[in-house]
Amino acid sequence: MNGNLAEKLEPVKVMERNNPIVDEYFRAEKLPQIWCPGCSNGIVMHSIVKSIAELGWKKEDVVIVSGIGCSSRAPGYLDFNTLHTTHGRALAFATGIKMAKPELHVVVITGDGDAAAIGGNHLIHACRRNIDITTIVFNNNIYGMTGGQYSPTTFTGDFATTSPYGNIDRPFDIVNLAGAAGATYTARSTAYHMTQLTKFIKKAMEHKGFSLVEAVSICPTYYGRKNKKGAAPQMLEFLKDSFVNARAYERLDDEKKAGKFVMGEFVNIEKPEYTEEYAKVIDRFRGENNG
Ligand SMILES: Cc1ncc(C[n+]2csc(CCOP(=O)(O)OP(=O)(O)O)c2C)c(N)n1
Ligand code: SF4
Ligand SMILES: [Mg+2]
């Protein structure tokens, strides 16, 4: 940097903090984070950490794995065993970790593009296997990191840099997709409803088997601007007004249902878990060969 300019600029101050969760679970030297002002990634990241804190998991027993994207930067700020992998492949790495060390708690942080476009195949097969991994999809309906291309969750008619005349694709419903593929716990909440979001993430983490929580998020910089959704406060207001619990949704007449989205738990069932089934095969093989 130009020497004179450097002298004029105030050094960046590390945030003054008085938050035990931040002190315990964040890498202070990596803060402040570099997401855009108003981005909701910090809210969802906080929900994840709060869930782990409330569960009382030891940091050394937790592995957080991500792919590539704005949301996938989160593990860099978190003081656990963390792995920032390649685009779409977080679940492949996470599966390897869980198979090698089933006693660890494995959590995947991924975006809508990372999880459902390039990583879509890994997602459906992880669901099908019911491997004990918790996946949090930060769904902001856009590729944030690469400048606002449409993703598999961008709504029909919405604008993106790759759909300047309106998106003609129909979006995936991520929780339905995961449930149909075999996930044994699925839920959806939003960055506005952080208390509920944390409750679902905690339940997903406690669940044995593949669990997925869709955290509906906001990207004011690309999705918001391209679709004239206003700034971050207006986008959060939209989440507040448009997402309703299933029971409340059922009570609405058809006219009022239009434009509303259901949040809540969708699947919560027990099925054989993959690493346990695999261990049984190993035990059987050893038994047969020792007998
Ligand atoms: C193999 C590969 N293809 C494409 C990219 C470029 N790329 C990086 S992040 C990204 C999209 C991220 O979108 P999403 O997962 O929704 O995360 P967000 O940034 O919105 O949080 C793409 C296409 C890449 N890094 N690697
Ligand atoms: S581009 Fe969007 S998703 Fe990425 S940091 Fe900015 S607001 Fe968040
Ligand atoms: Mg995205």
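Atoms within a ligand are numbered from 1 in the order they appear, just like the ligands themselves. All figures in this text were calculated on a predicted structure; none of them were measured in a lab.
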Does the side chain of R27 pick up a donor-acceptor pair with the side chain of T82 at under 3.5 Å?
-> yes
Do K260's NZ or CZ and the ring of Y249 fall within the cation-pi criteria of under 6.0 Å and 45°?
-> no
Is there a donor in the side chain of E277 and an acceptor in the side chain of N130, or the other way round, less than 3.5 Å apart?
-> no
Have a look at D112 and say which of its N, O or S atoms is nearest the Mg ion (ligand 3).
-> OD1
So, are E54 and K50 salt-bridged, with charged N and O less than 4.0 Å apart?
-> yes
Note every protein N or O atom lying under 3.5 Å from an N or O atom of ligand 1, pairing the names and giving the distance.
{"residue": "ligand 1", "atom": "15 (O)", "partner": "G113", "partner atom": "N", "Å": "3.3"}
{"residue": "ligand 1", "atom": "15 (O)", "partner": "D114", "partner atom": "N", "Å": "2.7"}
{"residue": "ligand 1", "atom": "16 (O)", "partner": "D112", "partner atom": "N", "Å": "3.4"}
{"residue": "ligand 1", "atom": "16 (O)", "partner": "D112", "partner atom": "OD1", "Å": "2.9"}
{"residue": "ligand 1", "atom": "16 (O)", "partner": "G113", "partner atom": "N", "Å": "2.9"}
{"residue": "ligand 1", "atom": "16 (O)", "partner": "I142", "partner atom": "O", "Å": "3.1"}
{"residue": "ligand 1", "atom": "19 (O)", "partner": "C70", "partner atom": "N", "Å": "2.8"}
{"residue": "ligand 1", "atom": "19 (O)", "partner": "G144", "partner atom": "N", "Å": "3.3"}
{"residue": "ligand 1", "atom": "19 (O)", "partner": "M145", "partner atom": "N", "Å": "2.9"}
{"residue": "ligand 1", "atom": "20 (O)", "partner": "N140", "partner atom": "OD1", "Å": "3.3"}
{"residue": "ligand 1", "atom": "20 (O)", "partner": "N140", "partner atom": "ND2", "Å": "3.1"}
{"residue": "ligand 1", "atom": "20 (O)", "partner": "I142", "partner atom": "O", "Å": "3.0"}
{"residue": "ligand 1", "atom": "20 (O)", "partner": "G144", "partner atom": "N", "Å": "2.9"}
{"residue": "ligand 1", "atom": "21 (O)", "partner": "C70", "partner atom": "N", "Å": "3.4"}
{"residue": "ligand 1", "atom": "21 (O)", "partner": "S71", "partner atom": "N", "Å": "2.9"}
{"residue": "ligand 1", "atom": "21 (O)", "partner": "S71", "partner atom": "OG", "Å": "2.7"}

Verify the distance test for I142 against the Mg ion (ligand 3): any N/O/S atom under 2.8 Å, yes or no.
-> yes
Presence of N, O or S from N140 under 2.8 Å of the Mg ion (ligand 3) | yes
Does one side chain, of S71 or N41, offer a donor that lies under 3.5 Å from an acceptor on the other?
-> no
Do you know how many protein N, O or S atoms are within a distance smaller than 2.8 Å of atom 2 (Fe) of ligand 2?
-> 1
Between K98 (side chain) and L104 (backbone), is there a donor-acceptor pair under 3.5 Å?
-> yes
Distance only, no hydrogens: is a donor on one side chain within 3.5 Å (strictly under) of an acceptor on the other, for D114 and T110?
-> yes
In terms of side-chain heavy atoms, does S151 have a donor or acceptor partner in D112 at a distance below 3.5 Å?
-> yes
Distance-only donor-acceptor check, side chains S51 and T198, under 3.5 Å | no
Salt bridge between E265 and K203, side-chain N to carboxylate O under 4.0 Å?
-> yes
Would you kindly say whether T184 and H207 are connected by a side-chain donor-acceptor distance under 3.5 Å?
-> yes
